[in-house]
Each structure stands twice: as structure tokens, then as C-alpha cells.
Amino acid sequence: MSYSIAIDGPAGAGKSTIAKLIAKRKGYIYVDTGAMYRAIALYFIEQGIQASEQDKMSEAVVNANVTISYENEEQIVWLNGRNVNGLIRTEEVGKMASLSSTNKDVRKKLVELQQALAKKENVVMDGRDIGTCVLPNANVKVYLTADSYIRALRRYEELKAKGQECELDVIEKDIIARDFQDMHRELSPLKQAEDAVLLDSSDMSIEQVADAIIHLCDKGAK
Ligand code: DC
């Protein structure tokens with residue numbers, strides 16, 4: 001039986017950084033499910049589909065083939081045979097992903113892919129619905145959050161370091177709007193699974209959060 005660690009939480013809580021670190025320490029595969037939703041969102045944008053056109057999304061998703069592979073422990077997302085890693089990290093794609101991930105056909109396709117991966121491999125999977133829907137029997141479930149101001153500040157510093165112009169209050173507003181959208185959608189909204197451990201990283205370092213999760217694994221959280 002493969003082992004699985006599910007990490008859910010709002011945008012910017014540090015899920016991917018932490019999940020990558022744990023995957024490395026445990027020798028597991030890191031599955032970034034947000035990147036898969038982003039790849040589908042990119043496909044819709046490229047097809048000229050609007051966020052409100054749910055029927056068109058349901059039709060088009062059939063032709064969006066998303067797969068992932070690994071190179072030097074880095075997840076590569078392929079959209080119809082094209083490596084789209086360099087195209088999916090924009091605000092535009094993130095916003096479209098939050099909206100298009102409300103579509104039931106999009107979710108069905110990606111959840112099946114994620115479940116198939118976790119069946120084959122030991123995984124650290126992060127997203128919004130991993131503990132509640134994708135891997136309800138995950139060995140360890142964590143709900144990772146942080147204050148919205150802290151999350152915005154982290155993002156702001158990340159963008160500044162890359163030399164990108166940005167405003168802290170605009171980033172925080174966007175983060176709050178995305179949280180609301182992800183928590184209030186009809187299908188698999190973002191919420192803490194009943195058996196997930198809540199970790200608030202506002203006053204914790206990356207190492208402290210990773211240690212806390214490794215400790216849960218060692219304890220055999222489930
Ligand atoms: O984690 P992220 O910012 O890359 O995710 C982009 C969007 O994808 C997020 O706003 C909601 C959606 N998503 C989802 O619905 N379910 C997941 N398991 C992961 C992401």
C-alpha cells in the first residue's frame with residue numbers, strides 16, 4: 001500500500017514549499033494539484049473561453065490532456081504534450097484556475113488523475129480538497145493556513161525579489177477574494193477535513209512546519 005500525506009489550505013500558506021521539502025526528506029513524490037488546475041485554466045484562456053462559460057469548459061476539457069512527470073525532483077506539467085511550467089504561474093492563470101476549478105467535469109478529470117498517482121506512488125499532495133475528497137484515507141492530513149496579511153507579505157517579498165512591481169494591499173485583497181471563491185464553491189470547497197491537523201504557519205518557519213508534519217508521520221497520525 002502506498003503512503004500519502006495530504007496538505008490543504010488557502011493560497012499562499014506555504015503548502016508547496018513545505019510539501020516539496022517533506023517529499024524530499026521522505027523520498028516521496030510531490031504532487032502539486034494546483035498546477036494541474038492551472039494547466040487546464042491556461043488551456044481555456046488559450047481557447048478564448050471566458051470564466052463564466054461553464055458549458056464550453058465542460059466540452060473543451062475533453063481535449064485538454066494534462067499529465068505530469070518529474071525531472072530533478074521538479075514536477076513538470078504537460079498540456080497536450082507541451083511543458084507549461086513556465087506559463088502557469090501568472091495572476092491571470094491563477095484567477096482563471098480558481099474559477100474554472102468550480103466546473104464538475106474539470107474536477108472529475110483531475111481528481112481521477114490524482115487518485116491514480118497516489119495509488120502507484122508514495123505522495124505528498126497539496127491542494128484544496130485532498131484530505132476531504134481526493135485522498136479521504138490519506139495517512140496524514142494537514143490543513144495549513146496563515147493570516148492573510150502574512151500570506152500577502154510573503155508573496156509580496158517573493159515578487160519583489162524577482163524584481164516585479166506590486167502592492168501589498170492589492171495582493172492581500174486578491175488573496176482574500178481567492179480564499180472566498182475557493183471556500184464557497186459548491187463542489188469540494190476548501191475546508192479542513194474532520195481528521196486533519198490544523199497548522200497555522202503565521203509565526204512558524206518553513207523548517208518548523210516541515211518538522212511538525214514529519215512528526216505527525218512518525219507518530220502514525222492515522
Ligand atoms: O494552489 P494554486 O494557487 O496553484 O491553485 C490554483 C487554483 O486551483 C485554486 O485557486 C483553486 C484550484 N484548486 C482546486 O480547486 N483544487 C485543488 N486541489 C488545487 C487547486
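Remember, it's 1-based here, ligands and their atoms both numbered in the order they're listed.
Criterion: ILVMFWY side-chain heavy atoms under 4.5 Å apart, direct or through other members. Under it, Leu117 and Ile22 are not part of a common hydrophobic cluster.
Looking at Gln181 against ligand 1, nothing comes within 4.0 Å, counting heavy atoms. In Arg107, the part holding a heavy atom less than 4.0 Å from any atom of ligand 1 is the side chain.
The CZ atom of Arg155 sits 5.5 Å away from the CD atom of Glu158 when rounded to the nearest 0.5 Å.
Of the candidates Lys191, Gln114, Arg107, Arg107 is the only one forming a side chain to side chain donor-acceptor pair (under 3.5 Å) with Asp129.
At the top of the distance list for atom 18 (N) of ligand 1, counting protein heavy atoms only, stands Asp129 OD1, 2.8 Å. The closest protein non-hydrogen atom to atom 6 (C) of ligand 1 is Arg178 NH1, 3.7 Å. Tyr37 CB, 3.5 Å is the protein heavy atom nearest to atom 8 (O) of ligand 1. At the shortest separation from atom 19 (C) of ligand 1 among protein heavy atoms lies Thr33 OG1, 3.3 Å. The shortest contact between atom 7 (C) of ligand 1 and any protein heavy atom is with Ala97 CB, 3.7 Å.
Distances from atom 1 (O) of ligand 1 to the heavy atoms of Met96, Arg89, Gln114, Arg128 put Arg128 nearest. With Gly9, Gly34, Ala35 as candidates, the residue nearest to atom 20 (C) of ligand 1 on a non-hydrogen basis is Gly34.
Ligand 1 places these atoms under 4.0 Å from at least one heavy atom of Ser101: 11 (C), 12 (C), 15 (O). Every atom of ligand 1 is numbered from 1 in the order shown, and the set under 4.0 Å from a heavy atom of Asp182 is 9 (C), 10 (O), 11 (C). Interface atoms of ligand 1 facing Arg38, defined by a heavy-atom separation under 4.0 Å, are 2 (P), 3 (O), 4 (O), 6 (C).
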Evaluate Asp179 against Arg151 for salt bridge (charged side-chain N to carboxylate O under 4.0 Å, His left out), listing each step before the verdict. CA-CA 11 Å; Asp179 288 354; Arg151 288 186 279 133; 2.7 Å; yes
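No side-chain donor-acceptor contact under 3.5 Å links Glu172 to the backbone of Ala152. Without hydrogens or angle criteria, Asp147 side chain to Ser202 main chain gives no donor-acceptor distance under 3.5 Å.
Ligand 1 has an N or O atom lying under 3.5 Å from an N or O atom of Arg185, backbone or side chain.
By the 4.5 Å heavy-atom criterion applied to side chains, Asp174 and Glu91 are counted as neighbours. Inter-residue side-chain proximity for Pro10 and Asp182 is flagged as unmet; no heavy-atom pair is nearer than 4.5 Å.
The residues Asp32 and Arg89 are annotated as salt-bridged, a charged nitrogen and a carboxylate oxygen being separated by less than 4.0 angstrom.
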